[in-house]
Amino acid sequence: MAEKLTHPERYTITAALPYTNGPIHIGHLAGVYVPADIYARYLRLNGNDVAFVCGSDEHGVAISMKAKKEGITPKEVIDKYDGIIRKSFQEFGITFDNYSRTSREIHHKTASDFFVKLYEQGDFIEETTAQLYDEEAKQFLADRFVVGTCPKCGHEEAYGDQCENCGSTLNATDLINPKSTITGTVPTTKETKHWFLPLDRYEDFLKEWILVGHKSDWKPNVYGQCKSWIDDGLKPRAVTRDLDWGIPVPVEGGEGKVLYVWFDAPIGYISSTKEWAEREGKDWEPYWKDENTKLVHFIGKDNIVFHCIIFPAILKAHGDYILPENVPANEFLNLEGNKLSTSKNWAVWLHEYLEEFPDMQDVLRYTLTANAPETKDNDFTWKDFQARNNNELVAILGNFINRVVVLTNKYYEGIVPTPSEFSQVDKETLEQLRKFPEIISSSIERYRFREAGQELMNLARLGNKYLADEEPWKVIKQDEERVKTIMFVALQIATGLSVLSEPFLPFTSEKLKNILAINSEEAVSSWAEVSTKETLLPADHKINKAELLFRKIEDSEIQAQLDKLEATKKANENENKELMPQKDTITFDDFTKLDMRVGTIVEAEKMPKAKKLLVLKVDTGLDTRTIVSGIAESFTPEEIVGKKVTVLINLAPRALRGVESEGMILMTENADGKLVFVNPDEDGVGNGEGIS
RNA sequence: GGCGAGGUAGCUCAGCUGGUUAGAGCGUCGGAUUCAUAACCCGGAGGCCGAGGGUUCAAGUCCCUCUCUCGCUACCA
């Protein structure tokens with residue numbers, strides 16, 4: 001059912017909207033922006049009509065929370081990061097046709113209209129529930145913003161969704177004496193209405209469209225992930241929520257509510273396209289509504305369901321829109337063996353890289369392309385970065401260009417010589433050169449950017465080999481005419497490289513074109529011309545003096561980066577995690593209600609069919625009882641038998657996965673997030689001993 | 001626990017519908033060369049294709065079991 005567009009009239013390329021709670025790092029680049037930019041540049045070079053759009057994603061609860069924590073407004077948070085991100089993309093050479101923001105008027109309007117359209121078409125389900133409302137903060141309280149007394153066990157610190165004491169699942173409205181954690185006031189109960197997108201209605205459509213239609217052209221990781229979701233059964237998903245930061249719900253009953261980010265963010269692509277079209281005096285609609293438009297979303301694997309299931313369902317619901325033809329999602333990039341983490345500062349930040357390695361954008365682009373996590377998670381190491389630069393960019397590409405340019409200047413004062421007769425090798429070499437556009441295209445169009453980059457390098461290799469085989473520096477002593485032909489051929493290769501390198505290494509391409517002085521019309525300009533044009537760089541054309549395309553990267557520079565990461569690691573170890581603020585005061589009586597005892601684990605086994613649960617038999621002195629504890633990811637059953645632990649024994653029993661748990665083992669967490677027993681270390685403390 | 005993706009030379013990866021001695025780049029070792037950022041060019045070594053079973057004349061490629069990594073999901077902090 002998904003007909004492939006072999007010759008689209010235009011392309012709409014989107015790159016995942018960066019969330020403005022932090023700057024851009026190499027993971028974002030390798031996964032999304034570098035491949036998307038290569039693709040967009042490639043398409044433009046081939047004369048295609050391309051809209052490459054992106055923008056900052058600035059709504060959602062994470063930004064709202066971050067602002068609250070830092071005591072600033074959400075607007076201040078987003079302005080800060082939008083500024084950093086926007087600037088770094090621009091300096092890095094990501095050629096968005098438009099980079100918008102979801103906080104802009106145009107997006108609010110686009111997303112609102114979209115919502116209203118679906119609303120009017122009856123594409124949403126409405127559901128009214130009673131929820132707690134904070135009069136002072138003037139907002140409905142999400143479950144975790146409410147505490148109160150648990151109706152089941154009397155625990156006074158139960159959260160709106162669950163009581164930590166007895167483990168019961170609660171409704172916030174059932175809490176006795178509820179209190180808002182935002183203002184501390186007593187909330188009132190109000191009816192609130194929310195809208196849901198019934199994804200289940202689109203199940204058949206999605207099955208047909210993805211499982212049948214895109215079985216062979218979508219990447220396995222993307223297809224598999226979609227299949228998993230669809231097979232699991234799709235459920236209605238809330239489109240609106242009670243929050244004050246976001247796009248207001250534009251229909252009756254929507255006061256104090258906003259659209260969920262998952263709904264508004266992808267519409268940001270559309271808003272961004274509109275903004276671009278307005279500025280350029282174009283019509284945006286064909287880019288989203290014409291069947292001859294090829295829509296491609298570049299994203300990371302975290303975004304697969306949103307772009308392959310949910311957003312298409314929304315577009316389908318609307319009715320006027322085209323669907324993505326492909327969603328080439330990448331996996332994740334790690335850094336020196338550890339997951340990238342914005343909060344732990346474990347990253348190579350783009351804006352810092354740009355400062356520390358000025359004018360070396362292409363080195364990072366190349367390394368990230370070569371190491372792109374296309375089929376599985378991959379690791380970025382500084383050592384590899386150095387090696388890629390020194391052994392490939394410098395030694396293969398940079399060196400080839402340098403030898404050609406130096407020789408041309410040395411023998412002919414920079415004038416491209418007139419060839420005489422081409423030898424068999426010359427012809428074959430030129431023939432191979434002409435094949436490269438096709439070879440590289442084929443890789444790019446299958447989203448195999450790693451492979452495409454390798455092929456580009458192979459062209460430089462071809463050049464090096466040609467020179468090594470023909471040895472103009474020797475031939476010059478016997479046959480000057482022959483050398484003219486050799487250098488002419490070598491210059492054609494160099495010129496081909498200047499064009500074909502553009503999507504991958506735009507700054508280098510630019511530099512190379514300057515060295516070869518090919519700003520004029522006489523030389524090649526487009527991708528296809530590298531194959532079709534008889535002469536890429538004509539005789540008598542004057543080129544400039546040699547200039548190094550890449551410089552070597554010294555060990556000391558790499559060491560400096562490694563030291564920087566090491567310092568981050570140390571800082572993370574020393575720095576306390578964000579600590580919870582102190583809870584409300586309790587009385588001594590409250591405390592004495594807790595009966596905590598020293599106990600010993602006498603048996604332990606895994607709870608079947610559960611990942612985190614261990615079933616323990618604990619000797620509490622009074623008895624030996626069963627306690628189910630969610631610690632299986634930190635301990636094996638064998639290693640904890642005989643362990644002394646602290647047990648809360650008068651906790652109301654609760655059945656977990658059918659096993660009655662009578663009490664709770666007290667745990668804490670170390671810096672790595674591993675659970676640790678709160679245990680009486682001293683010898684001679686017996687089971688059943690009270691803790692006070 | 002369920003589901004998905006991945007596990008191929010020291011490193012990063014390619015191997016389509018099963019078919020000759022499993023490929024590439026980088027690294028490594030040796031050779032050759034000097035136009036070039038000691039770079040280029042040529043050659044060699046290096047692989048129980050995660051483990052174990054099975055199907056087949058033939059399996060990295062298909063089936064089953066197990067295992068490790070990553071993710072989603074359930075249950076759980």
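Chain identifiers are assigned alphabetically (A, B, ...) following the order of the sequence lines, protein sequences preceding nucleic acid strands; residue numbering begins at 1 within each chain. Values below: all heavy atoms of this structure, side chains included; hydrogens, waters and symmetry mates excluded.
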Have a look at E374(A) and tell me which of K301(A), R446(A), R448(A), R450(A) forms a salt bridge (Lys or Arg N to Asp or Glu O under 4.0 Å) with it.
R450(A)

Look at all strands and tell whether K612(A) reaches a base, only sugar-phosphate, or nothing, counting heavy atoms closer than 4.0 Å.
base

Under 4.0 angstrom, heavy atoms only, what part of the nucleic acid is L462(A) near: base, sugar-phosphate, or nothing?
nothing

Contact class for N378(A) vs. all strands (heavy atom < 4.0 Å): base, sugar-phosphate, or nothing?
sugar-phosphate

Across the strands shown, which category fits K410(A) at heavy-atom distances under 4.0 angstrom: base, sugar-phosphate, nothing?
sugar-phosphate

Counting heavy atoms from C-beta on, name the nucleotide in U12(B), A39(B), G6(B) closest to the side chain of N371(A).
U12(B)

Are a donor atom and an acceptor atom from the side chains of D426(A) and T429(A) found within less than 3.5 Å of each other?
no

Measure NZ/K227(A) against C1'/G71(B) and give the value in whole Å, please.
17 Å

Looking at every strand, decide which applies to P472(A) at a 4.0 Å heavy-atom threshold: base, sugar-phosphate, or nothing.
nothing

Just to be sure I understand the rule, does F550(A) reach a base, reach only the sugar-phosphate, or reach nothing, if contact means heavy atoms closer than 4.0 Å?
base

Answer with base, sugar-phosphate or nothing: what part of the nucleic acid does K383(A) contact at a heavy-atom distance below 4.0 Å?
nothing

Ranking U73(B), C41(B), A39(B) by distance to the side chain of R461(A), first place goes to C41(B)

Once you apply a heavy-atom cut-off of 4.0 Å, does N464(A) come out as touching a base, just sugar-phosphate, or nothing?
sugar-phosphate

Out of A39(B), G6(B), C35(B), which has the shortest distance to the side chain of W473(A)?
C35(B)

Do the charged groups of D359(A) and R551(A) touch, with an N to O distance under 4.0 Å?
no

Kindly say if R450(A) contacts the phosphate of A14(B), meaning a side-chain N or O under 4.0 Å from OP1 or OP2.
yes

Looking at every strand, decide which applies to L407(A) at a 4.0 Å heavy-atom threshold: base, sugar-phosphate, or nothing.
base

Looking at K215(A), I want to see if its NZ is surrounded by more than 12 non-hydrogen atoms of other residues, nucleotides or ligands under 6.0 Å.
no

Can you tell me how far P of C72(B) sits from CZ of F332(A), to the nearest Å?
7 Å

So what does E331(A) hit on the nucleic acid, given a heavy-atom distance under 4.0 Å: a base, only sugar-phosphate, or nothing?
nothing

Taking C41(B), A14(B), G1(B) as options, the one with an atom nearest any side-chain atom of K611(A) is G1(B)

Considering every strand and a 4.0 Å limit on heavy-atom distances, what is the contact class for K465(A): base, sugar-phosphate, or nothing?
sugar-phosphate

Residue A395(A), side-chain heavy atoms: nucleotide from G2(B), A14(B), C40(B) that is nearest
C40(B)

More than 12 heavy atoms of other residues, nucleotides or ligands under 6.0 Å from CD of E660(A): is that the case?
yes

Between CE of M457(A) and P of G25(B) the distance, given in whole Å, is 13 Å

